[in-house]
Amino acid sequence: MHGIVLACGNSQLPMITQRDDVHVVPARPGKDHVDQHLDAERLVVVGTDADLAAVGVRLLRKEKLGSVTLGYVPVGDSPVASLWGLSTDPARALDIALNGDVDPVPFVRDDVGGVLMGLGVLSPVRGVGYSDADNTLRGQASRIECTPDPEGGLGLVVRIVNKRLLGSRVRESRPRAFQLGCLPTTAVLDGHKHPRPVDKWTWYRHTEDLRLVRGV
């Protein structure tokens with residue numbers, strides 16, 4: 001197999017950038033650098049989880065989730081790699097991304113036009129939260145963590161964490177959607193801090209899955 005490789009930001013590795021099928025693009029590339037490649041059957045992102053999410057946004061907005069296979073070569077710490085068991089060795093990861101089989105996984109969106117590929121964190125939180133119809137938070141929490149569900153399920157794994165003197169209390173749910181109304185708080189999405197405090201937030205599973213290459 002083959003595909004188009006997007007080397008994002010400062011993540012260019014010589015073994016990757018010297019290939020003929022590589023396009024060097026900015027960190028968290030937008031439509032000007034991604035959309036021209038969305039007719040490819042396979043797109044490989046070399047970069048951070050935030051770079052991967054930026055490409056995921058373009059797949060969503062151009063309605064290409066069903067036709068484009070997405071491979072990933074993580075650079076640095078990557079909750080996405082941990083979540084889906086992806087190799088963090090660049091050579092191995094590139095080989096899998098270009099030649100591995102597709103394994104559809106839940107594709108998570110938010111209510112401000114973004115997507116969540118790995119880990120989302122809201123912190124600190126004082127408000128009311130619902131996992132589907134269940135009230136899972138009323139009051140405060142040290143943080144709320146959300147990931148796609150690695151077991152498929154309804155789509156999300158949501159962890160409400162309260163730090164204590166001896167360890168932390170964690171309440172976990174696995175809904176299709178999570179909604180929060182709260183005092184202004186900070187959102188960090190795939191390692192990228194949202195530019196403004198937020199007083200409400202929603203994550204939910206999209207109707208289409210992400211065609212991710214995992215090599216499993």
Side-chain angles (χ1 to χ4, degrees), residues 1-30 33-60 64-108 114-121 145-153 155-157 159 188-193 206 208-216:
M1 295 183 183
H2 62 280
I4 291 175
V5 180
L6 301 181
C8 302
N10 295 319
S11 61
Q12 300 100 25
L13 303 171
M15 59 164 287
I16 292 175
T17 56
Q18 292 173 4
R19 295 173 55 97
D20 293 336
D21 53 2
V22 170
H23 299 263
V24 178
V25 299
R28 300 178 61 239
H33 298 95
V34 177
D35 288 10
Q36 60 189 301
H37 304 301
L38 293 183
D39 288 331
E41 293 184 4
R42 181 169 300 225
L43 201 59
V44 175
V45 176
V46 182
T48 65
D49 289 1
D51 298 330
L52 185 69
V55 174
V57 167
R58 300 313 308 162
L59 292 175
L60 174 66
K64 293 289 187 176
L65 285 168
S67 59
V68 177
T69 295
L70 191 62
Y72 183 38
V73 180
V75 175
D77 181 58
S78 172
V80 171
S82 299
L83 187 69
W84 301 117
L86 305 181
S87 176
T88 56
D89 174 78
R92 173 68 175 150
L94 181 62
D95 179 59
I96 292 172
L98 288 170
N99 301 297
D101 293 333
V102 175
D103 184 22
V105 301
F107 188 66
V108 177
V115 305
L116 182 65
M117 293 294 197
L119 175 64
V121 179
E145 303 174 348
C146 181
T147 69
D149 188 346
E151 298 179 5
L156 311 183
V157 176
R159 299 180 183 88
V188 179
L189 312 166
D190 289 315
H192 179 73
K193 184 179 177 180
H206 186 51
E208 288 184 277
D209 286 345
L210 177 69
R211 291 171 51 82
L212 183 67
V213 179
R214 295 178 62 194
V216 296

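Only this structure's heavy atoms are used, side chains among them; waters, hydrogens and symmetry mates stay out.
- Between the side chain of Asn99 and the backbone N or O of Asp95, at least one donor-acceptor pair lies under 3.5 Å.
- Residues Leu119 and Leu189 are not in side-chain contact: their nearest non-hydrogen atoms beyond the backbone lie 4.5 Å or more apart.
- The shortest distance between side-chain heavy atoms of Pro150 and Trp84 falls below 4.5 Å.
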Should Val105 and Asp209 be marked as a side-chain contact (heavy atoms from CB on, under 4.5 Å) after you check the CA-CA gap, both sets of side-chain angles, and the distance that decides it? CA-CA 5 Å; Val105 301; Asp209 286 345; over 6 Å; no
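- Judged by distance alone, the side chain of Asp49 and the main-chain N or O of Ser78 form no donor-acceptor pair under 3.5 Å.
- Interatomic distance, Leu83 CG to Arg214 CZ, rounded to the nearest 0.5 Å: 8.0 Å.
- Between Val44 and Leu6 the shortest side-chain heavy-atom distance does not fall below 4.5 Å.
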Run the numbers on Val213 and Asp101 for side-chain contact (heavy atoms from CB on, under 4.5 Å), then give the verdict. CA-CA 6 Å; Val213 179; Asp101 293 333; over 6 Å; no
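- Side chains of His206 and Leu60 form a contact here, defined as non-hydrogen atoms less than 4.5 Å apart.
- Between Gly30 and Arg58 the shortest heavy-atom distance is C-CD, 4.2 Å.
- For the atom pair Leu65 CG and Glu208 CD, the distance stands at 5.0 Å (nearest 0.5 Å).
- Under the 4.5 Å side-chain criterion, counting only non-hydrogen atoms from C-beta, Val55 is not in contact with Leu52.
- Listed here is the closest heavy atom pair of Arg211 and Val68: CB-O, 3.6 Å.
- Annotation: side chain of Pro26 is not in contact with side chain of Cys8 (no heavy-atom distance under 4.5 Å).
- The heavy-atom pair separating Lys64 from Asp39 by the smallest distance is NZ-OD1, 3.2 Å.
- Note that CG of Leu98 and CD1 of Ile4 are 11.0 Å apart. Values are rounded to the nearest 0.5 Å.
- The backbone N or O of Met117 sits less than 3.5 Å from a side-chain atom of Asp190, completing a donor-acceptor pair.
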Criterion side-chain contact (heavy atoms from CB on, under 4.5 Å) on Arg159 and Thr147, from CA distance to verdict: CA-CA 9 Å; Arg159 299 180 183 88; Thr147 69; 4.3 Å; yes
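- Taking each heavy atom of Val45 and Tyr72 in turn, the nearest pair found is O-CD1, 3.3 Å.
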From CA spacing to verdict: side-chain contact (heavy atoms from CB on, under 4.5 Å), Leu70, Leu210: CA-CA 8 Å; Leu70 191 62; Leu210 177 69; 4.0 Å; yes
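- Contact record, Ala97 with Val73: CB-CG2, 4.3 Å, taken as the closest heavy-atom pair.
- In this structure, the separation between CG on Leu156 and CG on Leu116 is 8.5 Å, given to the nearest 0.5 Å.
- Residues satisfying the side-chain contact (heavy atoms from CB on, under 4.5 Å) test with Asp77, not counting sequence neighbours, are Pro79.
- Distance check, rounded to the nearest 0.5 Å: CG of Leu59 to CG of Leu43 gives 6.5 Å.
- Between the side chain of Asp51 and the backbone N or O of Arg28, at least one donor-acceptor pair lies under 3.5 Å.
- When all heavy atoms of Val57 and Val115 are compared, the pair lying nearest together is CG2-CG2, 3.9 Å.
- Environment of CD in Gln36: crowded, with over 12 heavy atoms of neighbouring residues, nucleotides or ligands closer than 6.0 Å.
- For the atom pair CD1 (Ile96) and CG (Asp89), the distance works out to 9.0 Å, reported to the nearest 0.5 Å.
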